[in-house]
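Just below is one structure, and these are the notes that go with it.
Below, read A as the first sequence line, B as the second, and so on, with proteins coming before strands; counting in each chain starts at 1. Just the heavy atoms: all of them, side chains too, but no hydrogens, waters or symmetry mates, feed the values below. Just so you know, these numbers come straight off a predicted model, no measurement behind them.
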4 protein chains.
Amino acid sequence: MGKLDLNKKQKKDSLLNTAFDLFITQGINKTTISDIVKNAGVAKGTFYLYFKDKYDIRNKLISHKSSQLFSKAHNAVLANKIEKFDDSIIFIVDYVIDELNKNKSLLTFLSKNLSWGVFKKALINPALDSDVNFYEIYLNMIENSKCVFIEPEIMLFLILELVGSTCYSSILYNEPVEISVLKPHLYDTIRNIIKSHQKPEDES
Amino acid sequence: MGKLDLNKKQKKDSLLNTAFDLFITQGINKTTISDIVKNAGVAKGTFYLYFKDKYDIRNKLISHKSSQLFSKAHNAVLANKIEKFDDSIIFIVDYVIDELNKNKSLLTFLSKNLSWGVFKKALINPALDSDVNFYEIYLNMIENSKCVFIEPEIMLFLILELVGSTCYSSILYNEPVEISVLKPHLYDTIRNIIKSHQKPEDES
Amino acid sequence: MGKLDLNKKQKKDSLLNTAFDLFITQGINKTTISDIVKNAGVAKGTFYLYFKDKYDIRNKLISHKSSQLFSKAHNAVLANKIEKFDDSIIFIVDYVIDELNKNKSLLTFLSKNLSWGVFKKALINPALDSDVNFYEIYLNMIENSKCVFIEPEIMLFLILELVGSTCYSSILYNEPVEISVLKPHLYDTIRNIIKSHQKPEDES
Amino acid sequence: MGKLDLNKKQKKDSLLNTAFDLFITQGINKTTISDIVKNAGVAKGTFYLYFKDKYDIRNKLISHKSSQLFSKAHNAVLANKIEKFDDSIIFIVDYVIDELNKNKSLLTFLSKNLSWGVFKKALINPALDSDVNFYEIYLNMIENSKCVFIEPEIMLFLILELVGSTCYSSILYNEPVEISVLKPHLYDTIRNIIKSHQKPEDES
DNA sequence: TATGAATGAGGGTTCATTCAT
DNA sequence: CATGAATGAACCCTCATTCAT
């Protein structure tokens, strides 16, 4: 990568980082492009060299940040040598919840903007260069388990939406209960969702 | 109610109705107060006699519209003489889903703004005059069933968040599957949630 | 007219006058709406209460200014009791040329934007309240003369375009000759145009 | 011409052609230098190696395009062996009108920017290499005719301005009449202009 | 000669809010 | 209570121009 390309990447990264910081501290609606460029230390026009508008940079951030999160979670699964499928899922969920609990701003940012549609774009068809394809990882996890599942996509969908929406309220507002109280109920429900999508093991 | 009070109520109602129409047709961000007052046929200043700002009128609408929805659903439960608790819950969910499927704009409006926090304000502490206290109804339903539940609030929370977030994606975008395909999975999960919160019947 | 209406008219007039001054001193392209409102002493938003954009106010000015000009010219015809048709036309043209020669900024403004199309809108269907319908006056002048003309509209068109385009160059740049030198050639041509559209007098 | 020079000429020509296309399709005001270089396939900076700004390239195009037009018209005069002076003028005017009628974009471009001043620069002192000096041709035509004219420059001026301004309206908007209806009136007027500038033939 | 990333002043426009009527 | 003209800060975005490569 030449000096020029490096400089370009630095500018773009600076914009992304600054935008993220502003989005989580003062919200997207209240963050202006003027704010972003001022804090990033670039000229206004430069923003438009890299992004279409505020929502373009937001979408790229969602993709990137959620990819990072799931990537870390999956690495932890590997590092801890979790074997069984349902344990892995619970582990990932628990890991993600703990991360979001530590980083509430990230939770605000992601949950307010996340949805299955964005999630698919973000994780299944990663937009950014280095981003990971989490759905593929998920399918591999299923394959490596000895079980067979019906409608694995719906199963993932149910789990993701349930976790995403309940965490938001519980972590940020302790409503209806704080996250530690919610967890057992949540994991119980997740195990039930997995169980009910599992084809009866065909033993012989 | 005097003639003047009636006139006042008409103006306020006109603003509420107009705002709702605009919110669901062009989104909240793109709806201006000018739009609202122009379509409502009142002067700009009048808006500020009744509401603080755009978000004030939005919150009142969320409360009102979700209250209406659950109220209708509950009446249908009574009319259909559903007896068992879990059947009632499924019936209500199914009723609400069908309503939202028929009225996608309402779904967009509610789901984009709904959360357990707002829901509580809306349904548990109804803001508007005629609005119904759904949480009380829910507790009555539990009481009338012969069962005992642990943490009924968490149970309701889990169900509401699960239904809310999955429906949004499924009804509006058929993602990951269309609502008719999703329903059995959803209801299965809901029954599991209920079952796992049910205290072992204490027979004697 | 109430106090409020009067105030409104003052604001609009102030904008029109200021815009005209700026248009003729620094050109339309280089005049910004910020300039106009700043000099008019009103807020930026006020501009948009009365005009759509810069071109809207320009068109209204063209109509108004050319109406004024022709109105003055025609009044001079009456005051000087010019009788014959061709003399009246020459008188009007001469009057207008002298006015434009005295007020070169007005010439710049009008000629750069005038065309038969705009002229028709401006003079034949006067947009502003008090503006005069010059085309009707022209037809009256024909009627009052004892002559009959074929295609009087084309005749007027030829004269107007000829005068408009030659004056611009001659008055502003003395190109190819100064206006006093041009005049006899021009009036000669105009008389020829009139003569060749005149039906042979039917004497008896 | 060396390879490098050829390359240079290609870049300049590409810019000229692209600019012309954009000027006539979307207007000068709405054409940006970015547009031009993007479509021409050269870098932004390259533009400034050949032209001062947008108006510089516009002026060069006006010169070139009008030179081309009159050159073609004059060649047609020669090819058709038109002998008499006034017939030649009418022929040229007619040829030019027909060309502009076939190529309305060119008419828009030229008429919106043409004036005697620009015309002189363009035709009398041709800017571009290959461009023809039409005024010299005109003077030759006069010389070859056996007639003597007073103020031939004014005569040409009157004709050009008359034709230019009336055609614009007639061809583009059919106002006040379509060009075929206008033509006889126009040519009649032109013949009158010529006749009135002709010195009484000095017979002996 | 040629490039094109970077600039940043300044353009048009919107709109929540006020306040004299 | 009701009005709606007026405000003006703040927004997004463009684009001519430069200059290090």
Side-chain angles (χ1 to χ4, degrees), chain A residues 2-12 15 29-38 40-55, chain B residues 3-5 7-8 11-12 29-38 41-56, chain C residues 2-12 29-38 41-55, chain D residues 3-5 7-8 11-12 29-38 41-56:
Chain A
K3 209 179 192 175
L4 237 158
D5 279 338
L6 201 71
N7 210 306
K8 274 175 67 176
K9 198 177 159 16
Q10 275 173 2
K11 287 240 152 60
K12 192 176 180 181
L15 284 167
N29 276 329
K30 291 202 173 155
T31 298
T32 69
I33 289 174
S34 287
D35 290 341
I36 297 173
V37 294
K38 207 188 307 161
V42 301
K44 229 181 199 164
T46 307
F47 179 92
Y48 293 94
L49 293 177
Y50 297 106
F51 307 101
K52 212 182 130 285
D53 56 24
K54 200 164 67 174
Y55 302 101
Chain B
K3 206 177 184 180
L4 238 161
D5 279 343
N7 208 308
K8 270 177 64 178
K11 285 216 156 56
K12 191 175 181 182
N29 275 331
K30 290 199 174 159
T31 299
T32 67
I33 290 177
S34 285
D35 288 341
I36 298 172
V37 295
K38 206 189 308 161
V42 303
K44 261 236 190 90
T46 307
F47 180 91
Y48 293 93
L49 297 175
Y50 297 107
F51 306 100
K52 205 183 138 286
D53 56 23
K54 199 165 67 173
Y55 301 101
D56 183 29
Chain C
K3 208 180 193 175
L4 237 157
D5 279 338
L6 201 71
N7 210 305
K8 273 175 69 175
K9 200 180 157 16
Q10 276 174 0
K11 286 240 151 63
K12 192 176 179 181
N29 275 331
K30 291 201 175 157
T31 299
T32 68
I33 290 173
S34 288
D35 290 340
I36 298 173
V37 295
K38 208 188 306 161
V42 301
K44 229 174 192 174
T46 307
F47 179 91
Y48 292 94
L49 292 178
Y50 297 106
F51 307 101
K52 212 183 129 285
D53 54 26
K54 201 164 66 174
Y55 302 101
Chain D
K3 205 176 184 179
L4 239 160
D5 279 343
N7 208 307
K8 271 176 65 178
K11 286 219 156 57
K12 192 175 179 181
N29 274 332
K30 289 199 174 159
T31 299
T32 67
I33 291 177
S34 285
D35 288 342
I36 298 172
V37 295
K38 207 189 307 162
V42 302
K44 262 237 188 87
T46 307
F47 181 92
Y48 293 92
L49 297 176
Y50 296 107
F51 307 100
K52 205 183 138 287
D53 56 24
K54 200 165 67 173
Y55 301 101
D56 183 30

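The nearest whole Å value for the distance from the CD atom in A:Q10 to the P atom in E:dA6 is 10 Å. We find that NZ of A:K38 is positioned 14 Å from C1' of F:dC12, with the value rounded to whole Å. Rounded to whole angstrom, the span from the CG atom of D:D35 across to the P atom of F:dT14 amounts to 11 Å. Following rounding to the nearest Å, B:L49 (CG) and F:dG4 (P) show an atom-to-atom distance of 13 Å. The nearest whole Å value for the distance from the CZ atom in B:F47 to the P atom in F:dG4 is 17 Å. Atom NZ of C:K12 and atom P of F:dA5 are 13 Å apart (whole Å). Rounding to whole angstrom units, CZ of residue A:F51 and P of F:dC12 are separated by 15 Å.
C:D53 meets the side-chain hydrogen bond (donor to acceptor under 3.5 Å, both in side chains) test with no other residue; sequence neighbours excluded. With sequence neighbours excluded, the residues satisfying salt bridge (charged side-chain N to carboxylate O under 4.0 Å, His left out) with B:D56 are B:K60.
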In dot-bracket notation, what is the pairing pattern of DNA chain F, taking Watson-Crick (N1-N3 plus N6-O4 or O6-N4) and G-U wobble (N1-O2 and O6-N3) contacts under 3.5 Å, with [ ] crossing and | for other strands?
.||||||||||||||||||||
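A:D35 has its side chain within reach of A:K38: a pair of non-hydrogen atoms, C-beta onward, lies under 4.5 Å apart.
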Going 5' to 3' along nucleotides 14-19 of chain E, which nucleotides have protein heavy atoms under 4.0 Å from the base (write B), which only from the sugar-phosphate (write S), and which from neither (write -)?
BBSBB-
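Within the nucleic acid shown, C:Y50 comes within 4.0 Å of sugar-phosphate atoms alone, with no base atom in reach, counting heavy atoms only. Note on D:V37: nothing from the nucleic acid sits closer than 4.0 angstrom, heavy atoms only.
Among E:dT3, F:dT7, F:dA5, the nucleotide with an atom closest to any side-chain atom of C:A43 is F:dT7.
Atom CZ of residue A:F51 and atom CD1 of residue A:I36 lie 9.0 Å apart, to the nearest 0.5 angstrom.
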Would you tabulate the side-chain donor-acceptor contacts of residues 41-50 of chain A under 3.5 Å, counting partners in other chains and residues two or more places apart, or write 'none'?
unit_1, atom_1, unit_2, atom_2, d
A:K44, NZ, A:S34, OG, 3.0
A:T46, OG1, A:A43, O, 3.4

